[in-house]
Amino acid sequence: MEIVTIIMAVFGLIAVYEPLLNWWNRFYRKHQWKKFSNHKQLYHQVISRYFRYYNRLGYDDRQKFLFRTFMFHKSKKFHYVDVRESIDMPILISAAAVQLTFGLEKYSLNFFKDIYVLKDDYHYGFYSRPFQGHVDSSGIYFSWDNFLKGIIGMTPNCNVGLHEMAHALAYVNFITQTDEDKRFKKEFRNFSKVARPIFQSMQEGDKNILGEYASTNYHEFWAVAVEVFFENPVRLRHELSSLYEALAKTLNQDPITNIIPKKAITA
């Protein structure tokens with residue numbers, strides 16, 4: 001009888017867990033939205049100055065974009081190394097993460113608590129070449145000079161913010177499995193069926209819009225493909241249409257038509 005009681009109690013907890021979790025999430029979002037309202041105008045001013053992606057969104061989607069940026073920002077600790085901190089920096093870096101994940105349910109990249117902002121190119125580990133950014137277990141790193149060049153369009157087909165956030169997105173889904181987005185993981189398998197042959201042909205010497213760096217390894221191929229998907233979507237769809245379509249399904253958005261399924265972007 002005691003065992004039966006325990007089993008019934010366990011099943012009872014399972015039955016109420018999801019409704020309670022959903023209630024708590026709604027309550028938490030509502031509470032955070034009140035806080036966000038005091039910062040909304042600032043976030044809009046900063047992001048609209050640099051992000052064409054944001055400026056093309058409709059009103060409702062802009063509100064969700066701003067709220068997600070606010071939530072991402074407050075969930076991270078930003079460290080500034082040899083660079084003067086400004087109010088724009090964490091907002092713009094957070095917005096880069098939100099742009100990448102706007103079509104996904106999971107957007108917080110919650111394994112990463114620390115983001116490091118350095119002034120310009122830096123050296124990392126035993127590598128001889130300088131880095132513009134990288135991702136490892138200690139956090140997400142950006143060279144601010146290169147990040148800024150990317151978001152203002154000074155470096156064609158190159159956006160360090162999107163590049164490193166693409167690495168971070170893969171990291172939390174496939175390495176740490178701490179912030180898994182089921183839809184993303186499912187579609188990434190289909191993406192790889194299209195992407196692997198292109199990557200292999202590039203390693204054999206074929207050239208395309210992605211550029212030579214994308215052939216370094218498959219991790220870099222993914223991150224570069226994400227950059228070009230957002231920075232030069234028309235040409236990517238023209239030259240590598242199957243890759244473009246695979247990316248659109250994987251990220252659940254289309255930067256050409258600006259279509260983001262509503263059910264995917266619940267704040």
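These figures come from a predicted structure and were not determined experimentally.
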Following the transitive rule for hydrophobic clusters with a side-chain heavy-atom cut-off under 4.5 Å over Ile, Leu, Val, Met, Phe, Trp and Tyr, establish whether [X] and [Y] coincide in one cluster.
{"X": "Y116", "Y": "M165", "result": "no"}
{"X": "Y141", "Y": "V135", "result": "no"}
{"X": "Y107", "Y": "I175", "result": "yes"}
{"X": "L118", "Y": "F78", "result": "no"}
{"X": "Y50", "Y": "L42", "result": "yes"}

Classify the side-chain pair [X]/[Y] by whether it contains a donor and acceptor separated by less than 3.5 Å.
{"X": "S138", "Y": "D114", "answer": "no"}
{"X": "H163", "Y": "Q132", "answer": "no"}
{"X": "N159", "Y": "E231", "answer": "yes"}
{"X": "H134", "Y": "Y122", "answer": "yes"}

From I198 atom CD1 to S215 atom OG, the distance as rounded to the nearest 0.5 Å: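 I198 atom CD1 to S215 atom OG measures 13.0 Å (nearest 0.5 Å).
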Criterion side-chain contact (heavy atoms from CB on, under 4.5 Å) on F199 and L210, from CA distance to verdict: CA-CA 10 Å; F199 170 67; L210 300 180; over 6 Å; no
Six-ring centre of F72, K76 cation under 6.0 angstrom, axis tolerance 45°: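 That pair qualifies as a cation-pi contact.
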Test of ring centre spacing under 6.0 Å for F188 and F174: yes
Show me the side-chain donor-acceptor pairs of residues 146-157 shorter than 3.5 Å, one per line, residues at least two apart or across chains.
{"residue": "N146", "atom": "ND2", "partner": "D121", "partner atom": "OD1", "Å": "2.6"}
{"residue": "N146", "atom": "ND2", "partner": "S143", "partner atom": "OG", "Å": "2.8"}
{"residue": "T155", "atom": "OG1", "partner": "C158", "partner atom": "O", "Å": "3.0"}
{"residue": "N157", "atom": "OD1", "partner": "N232", "partner atom": "ND2", "Å": "3.1"}

Carboxylate-amine/guanidinium contact R183 E105, below 4.0 Å: no
Mutual orientation of the aromatic rings belonging to Y53 and F102 [parallel < 30°, tilted 30-60°, perpendicular > 60°]: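 Ring orientation, 0 to 90° scale: perpendicular.
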Aromatic ring pairing F112/Y171, orientation class (parallel under 30°, perpendicular over 60°, tilted between):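 Geometry flag for Y171 against F112: tilted rings.
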Verdict with supporting geometry, H123 and F131, ring pair (Phe, Tyr, Trp, His ring centres under 6.0 Å): CA-CA 6 Å; H123 287 277; F131 276 63; 8.3 Å; no
